[in-house]
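These figures come from a predicted structure and were not determined experimentally.
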Amino acid sequence: MNNGLDRAQYLNLSGIQDWQTLLDSSLTFLRKSWQHHWLGLPALLDVCIETLIPLEWRYEPRIAAHLHCARLVAQETERLAPLSWEPNYHNRLHFADALTSMTILLAMERERSGHLDAYWASLLLLTVTAHDYLHPGGNNQNKFEIENKTIEALREVWRTEAIDTESQSRVEYMIQHTDPQTIAHNHVLASQHPFELNLHWSTVLMNEADILASCTQHHGSQLGFQLAQEWRAKDVDLHDFIATPQGRINFLRSALFTSAPSKILKINLAIEAEITGLQCQDPSLSS
């Protein structure tokens with residue numbers, strides 16, 4: 001692959017010291033690219049595909065369709081971005097953060113279990129690439145409001161670049177259930193069975209990948225500031241509060257990570273450490 005992407009800095013599993021370091025270094029690489037020379041979602045997606053999907057599986061019809069559709073959505077996202085206002089938070093960098101986070105979670109699952117189901121891995125790469133497709137910024141006034149607009153846009157893509165009906169239904173379900181109103185229940189549903197790549201646990205992985213970058217100490221506060229800017233532009237309540245230290249603590253306390261890979265990552269311990277650090281800096285923050 002000749003796309004100018006430095007694999008020593010991005011998703012370098014061969015040089016991995018620990019998963020948290022890999023996550024932080026990959027997210028840092030994305031920000032350098034965003035600021036100086038954006039490599040684009042299609043190039044990043046190709047690396048994620050190479051990382052997770054063995055070459056022989058990429059030609060299996062359903063998997064090939066998932067990956068082809070994911071590439072098309074990535075290309076369309078890049079093509080359309082300069083043509084209208086791009087949200088401060090729900091932008092291509094967020095897409096890349098979530099895609100990278102998903103790839104790391106799935107790579108961890110492959111190491112944990114010794115196997116990675118190529119169907120679900122390819123379906124999750126499609127879903128995470130498409131989950132905020134054409135996001136207008138802001139948040140929902142009604143359940144599934146923005147998510148259903150994304151699904152409507154994807155159905156237009158599927159008119160010419162179809163994936164099978166069962167896969168479409170699963171993608172739509174997972175995208176709808178990135179609505180924050182559903183997340184706690186998503187975790188409850190999944191927790192009734194041991195971790196495996198099925199619809200409920202894949203939905204949880206989508207929820208986790210969606211916010212993982214925001215839950216890191218190195219990048220989370222800046223992402224909170226970007227969300228505050230986006231909410232201000234859309235006149236969302238609490239836009240002045242979300243990026244404050246107390247707003248940061250409230251967000252971190254609401255974050256749920258229950259999958260087997262996230263437990264290996266120990267993100268919950270990192271969240272607790274950041275909350276403690278913020279409270280030490282300012283004892284007036286709620287305990």
Side-chain angles (χ1 to χ4, degrees), residues 1-53 67 70-71 73-75 77-79 81-82 86-111 116 121-122 124-133 135 205-206 208-227 229-230 255 257 261-262 264-267 270-271 273-274:
M1 180 172 29
N2 183 19
N3 53 26
L5 199 155
D6 184 356
R7 290 304 306 279
Q9 299 182 58
Y10 183 67
L11 292 179
N12 181 16
L13 270 65
S14 64
I16 187 172
Q17 298 176 358
D18 62 79
W19 292 106
Q20 185 64 58
T21 299
L22 177 69
L23 176 64
D24 286 339
S25 63
S26 296
L27 295 177
T28 298
F29 170 81
L30 292 177
R31 278 142 185 80
K32 291 178 181 176
S33 173
W34 184 252
Q35 293 170 3
H36 303 295
H37 174 63
W38 182 236
L39 288 164
L41 290 172
L44 297 168
L45 175 61
D46 281 345
V47 173
C48 296
I49 292 170
E50 282 195 354
T51 299
L52 295 176
I53 312 294
L67 300 179
R71 288 189 177 103
V73 172
Q75 291 163 2
T77 300
E78 291 291 348
R79 184 183 71 82
E86 189 169 14
N88 299 80
Y89 174 84
H90 289 99
N91 54 28
R92 287 166 291 160
L93 181 59
H94 168 65
F95 287 34
D97 281 344
L99 176 61
T100 301
S101 297
M102 178 63 77
T103 301
I104 290 174
L105 289 170
L106 289 173
M108 293 169 68
E109 170 57 16
R110 179 174 60 194
E111 180 177 85
L116 186 65
S122 62
L124 280 164
L125 288 178
L126 167 56
T127 306
V128 76
T129 302
H131 79 288
D132 280 332
Y133 183 50
H135 198 292
L205 285 177
M206 271 300 308
E208 293 179 348
D210 203 9
I211 63 168
L212 186 54
S214 294
C215 291
T216 63
Q217 190 165 1
H218 289 162
H219 307 290
S221 293
Q222 178 59 32
L223 286 168
F225 177 70
Q226 291 168 215
L227 183 61
Q229 290 180 309
E230 178 180 314
F257 290 92
S262 71
I264 296 170
L265 188 62
K266 299 180 180 178
I267 187 64
I271 287 171
E274 183 175 355

Practice item. May I have all residue pairs that pass salt bridge (Lys or Arg N to Asp or Glu O under 4.0 Å) and include part of residues 208-224, sequence neighbours excluded? Key: none

Point to revise | Summary of salt bridge (Lys or Arg N to Asp or Glu O under 4.0 Å) pairs that have at least one residue in residues 213-225, sequence neighbours excluded | key: none

Check your understanding: With no hydrogens and no angle check, do the side chains of Y10 and S33 hold a donor and an acceptor under 3.5 Å apart?
Key -> no

Are the side chains of [X] and [Y] in touch, meaning some heavy atoms are under 4.5 Å apart?
{"X": "S25", "Y": "N12", "result": "no"}
{"X": "D46", "Y": "R71", "result": "yes"}
{"X": "L265", "Y": "L23", "result": "yes"}
{"X": "L124", "Y": "L105", "result": "no"}
{"X": "F257", "Y": "L212", "result": "yes"}
{"X": "M102", "Y": "L106", "result": "yes"}
{"X": "L22", "Y": "I104", "result": "yes"}

Residue list, salt bridge (charged side-chain N to carboxylate O under 4.0 Å, His left out) with [X], at least two apart or on another chain:
{"X": "E109", "value": "R112"}
{"X": "D97", "value": "R31"}
{"X": "E111", "value": "none"}

Nearest heavy atoms of [X] and [Y], plus distance in Å:
{"X": "L5", "Y": "A43", "answer": "CD1-O, 4.2 Å"}
{"X": "L67", "Y": "S122", "answer": "CD2-CB, 3.9 Å"}
{"X": "A70", "Y": "T129", "answer": "O-CG2, 3.7 Å"}
{"X": "L125", "Y": "T103", "answer": "CD2-OG1, 3.9 Å"}

Exercise for review: With sequence neighbours left out, write down each residue that passes side chain to side chain donor-acceptor pair (under 3.5 Å) with S101, or none if nothing qualifies.
Suggested key: none

Revision key, fill the gap. Residues pairing under side-chain hydrogen bond (donor to acceptor under 3.5 Å, both in side chains) where one sits in residues 34-43, two or more places apart or in two chains, turn out to be W38-E78

Side chain to side chain contact (heavy atoms under 4.5 Å, CB included) with [X]: which residues, sequence neighbours excluded?
{"X": "S214", "result": "Y89, L223, F251"}
{"X": "A270", "result": "I267"}
{"X": "F95", "result": "L41, T77, D132"}
{"X": "A273", "result": "none"}

Point to revise | Residues forming a ring-ring contact (aromatic ring centres under 6.0 Å, His included) with H90, sequence neighbours excluded | key: H94, H135

**Study point:** T216 OG1 to I211 CD1 distance, which is reported to the nearest 0.5 Å
**Key:** 11.0 Å

